[in-house]
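This report concerns only the one structure given below.
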Amino acid sequence: MFKKVLIANRGEIAVRVIQACRELGLETVAIFSEPDKDGKHVKMATEQWRLEGQPAKVYLDGSQILDIAKRAGADAIHPGYGFLAENADFARQCGEAGVKFIGPNPEVIHKMGSKIESRRVMEKAGVPVVPGTTDPVTTVEEVRTLGKKYGYPIAIKASAGGGGRGLRVVRKEEDVEQALSGAQREGASYFGSDEVYVEKYLDHPRHIEVQIIADEHGKIVHLYERDCSSQRRHQKLLEEAPAAKLDKDLRARLTAAAVKGAQALGYSSAGTVECMVSGNEFYFLEVNTRIQVEHPISEMITGIDIVKEQLLVAAGKKLSFSQADIEPRGHAIECRINAEDPLKNFMPSPGMLTRFELPHHPWVRVDTACYPGYTILPFYDSLLAKLVVWGKNREEAIQRTRVALKHFIIEGVATTIPFHIAMLDDAAFLAGDVFTTYVEQDFMKRFSASAAEKNQAIKAAGATATGAAGATGKNGNGLHGTKAESAETAIIERADTRSFEVDVNQKIFKVAVTEMIDPSKPRTQQSQTGRSATKAAAPTKERAAKAASAAGTGKVQSTMHGLVKEIMVKEGAAVKSGEKIMIFEAMKMESDILADRDGVVKEIKVKSGQTVDAHSLLLVIGD
Ligand code: MV4
């Protein structure tokens, strides 16, 4: 087995890999860009190495990362997803340097990078591919001939493409010329290859993919399928396992084909075989040679830790289970909680999480690298957390997901939570009628219309309360005025919300007071306070107490990452328990740090103006 694994990634997937390494007793090496220094993966790893270069590029710097792996004495690299995960050259360089790349071998990664080559391999293995070519096409005449053969619409796809880039749909012969040059141009500029091929275009497919895991001794099993049809502009938003309303026989054929295809490839490691399902037929699309974002739902229905198994098989171990051992159970749903505003075209919304409270609920798992006070950086993808929920059947999973979403409290940034809450109440979703066109062409119309309607109602009433937000992100207990309620932001900007608890004859009433600003009128007419729309609510006693606390041992620590603003005592000074000894600033709020016992200040470990991590020793009080 390896001793030390470098995680060539950041965010929730780096955290996930470190968790699996911990279970296996492996040491971990985190790498980080300068602005990522407060990242959770950095705190969790056994070693931390700083990357040099631009934040947006450093996680792609294979030579720097491999160099760090060698200096740190790591014997394996886990690439996570994105960045270097499907870079065959990087995988080869790792192998040459004697560092195990956790993934299939470089030849397989390289082959699957070519969609034409993938189709050839699968066709030869007897896996159904979409009718079309397995040779590149170059001329308008060739494409027109194929258009006649298969009938329009057809798709022209870049062989090196993926994620929708280099894909052109042609609905009539006249459009062939433009589509061909478009697909070639995109292929060349994004992937460095203008090679394209042609497929019959399916108008309303479902996107269903099969999770596989294979050891390096030829054993391959599948962990059933995931339905990832709910996506927008090729960004998945919600995934479920197993697929709803999938015919038993089709499932058996689909999963068997995935294993057969992987066998033909000589696949090892975790991977995904992507297919389209249309009616009672399925067609191979592509192989993803990485751990995927949505792997947790397959873990939830099979009980198999895919990341741990991926580490074990990379170390040359045999798979410890067989296909017959895998009994899928129940249903799992993943919601991708992104820092994006679903009512503003999913515009990214980076910023500080002034509140971040997880839904603690049985059968709910949250994969995240976020914590209160963490700042979502603009350089990376906007995935904030993955909410993963299991139920004994689809209905139970959906209801649990609704509850969990309503109790997932995030303030400071807009999120996709209101989108998910609304989608889980949408008739088409509930009926299991979700196709790849569902979100963009169908659901978003209803979502935007219902948000606009609520806005009108709020405007007409001339005021709002958190209770008026309805399905757009109201928290279960109604106490929290959350920015996630972005329904209102389309027309009326929320200036500030303050929450109060009022005790009337022992009954506690929760009251939220929100000051509204209509952007169509000058601000001065409306607001006397001058409070900014983004400023956090006034600090409360609990928040101040949370920011810094004393343990009672004389060893005074910070509980959050923050800044030492002022130190009121000197070494040798006598202090009394409860006496104010420092002022600390965390999450842009000041709080007092108090002596936790009577005594004499023995040692001051920090200077004023210094930034410290959570749980740093600040000061020692002795006898
Ligand atoms: C297709 C297709 C329909 N017919 N190919 C989009 C990205 C790339 N992975 C393949 N894609 C598609 N290929 C044929 N012949 C529809 C899509 C497609 C899609 C596929 C999977 C998930 C989401 C999608 C959204 C739009 C289009």
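We number each residue from 1, following the sequence as shown. Counting starts at 1 for both ligands and their atoms, following the listed order.
For Asn345, the side chain to side chain donor-acceptor pair (under 3.5 Å) test picks out no residue, with sequence neighbours left out.
Using a cutoff of 4.0 Å between basic side-chain nitrogens and carboxylate oxygens, Arg171 and Asp203 are scored as salt-bridged. Under the 4.0 Å criterion applied to side-chain N and carboxylate O atoms, Arg226 and Glu334 are not assigned as salt-bridge partners. At a threshold of 4.0 Å, the pair Asp61-Lys57 does not count as salt-bridged, since none of the basic side-chain nitrogens sits closer than that to a carboxylate oxygen. Residues Arg365 and Asp367 are paired through a salt bridge, judged by an N-O separation under 4.0 Å between the basic side chain and the carboxylate.
The ring-ring contact (aromatic ring centres under 6.0 Å, His included) test with Phe443 singles out one residue from Phe429, Phe419, Phe435, and that residue is Phe419.
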Could you tell me, for ligand 1, which of its N or O atoms are under 3.5 Å from any protein N or O, listing the pairs and their distances rounded to 0.1 Å?
{"unit_1": "ligand 1", "atom_1": "4 (N)", "unit_2": "Leu202", "atom_2": "N", "d": "2.9"}
{"unit_1": "ligand 1", "atom_1": "5 (N)", "unit_2": "Lys157", "atom_2": "NZ", "d": "2.8"}
{"unit_1": "ligand 1", "atom_1": "5 (N)", "unit_2": "Glu199", "atom_2": "OE1", "d": "3.4"}
{"unit_1": "ligand 1", "atom_1": "9 (N)", "unit_2": "Glu286", "atom_2": "OE1", "d": "3.2"}
{"unit_1": "ligand 1", "atom_1": "13 (N)", "unit_2": "Lys157", "atom_2": "NZ", "d": "3.0"}
{"unit_1": "ligand 1", "atom_1": "15 (N)", "unit_2": "Glu199", "atom_2": "OE1", "d": "2.8"}
{"unit_1": "ligand 1", "atom_1": "15 (N)", "unit_2": "Lys200", "atom_2": "O", "d": "2.7"}

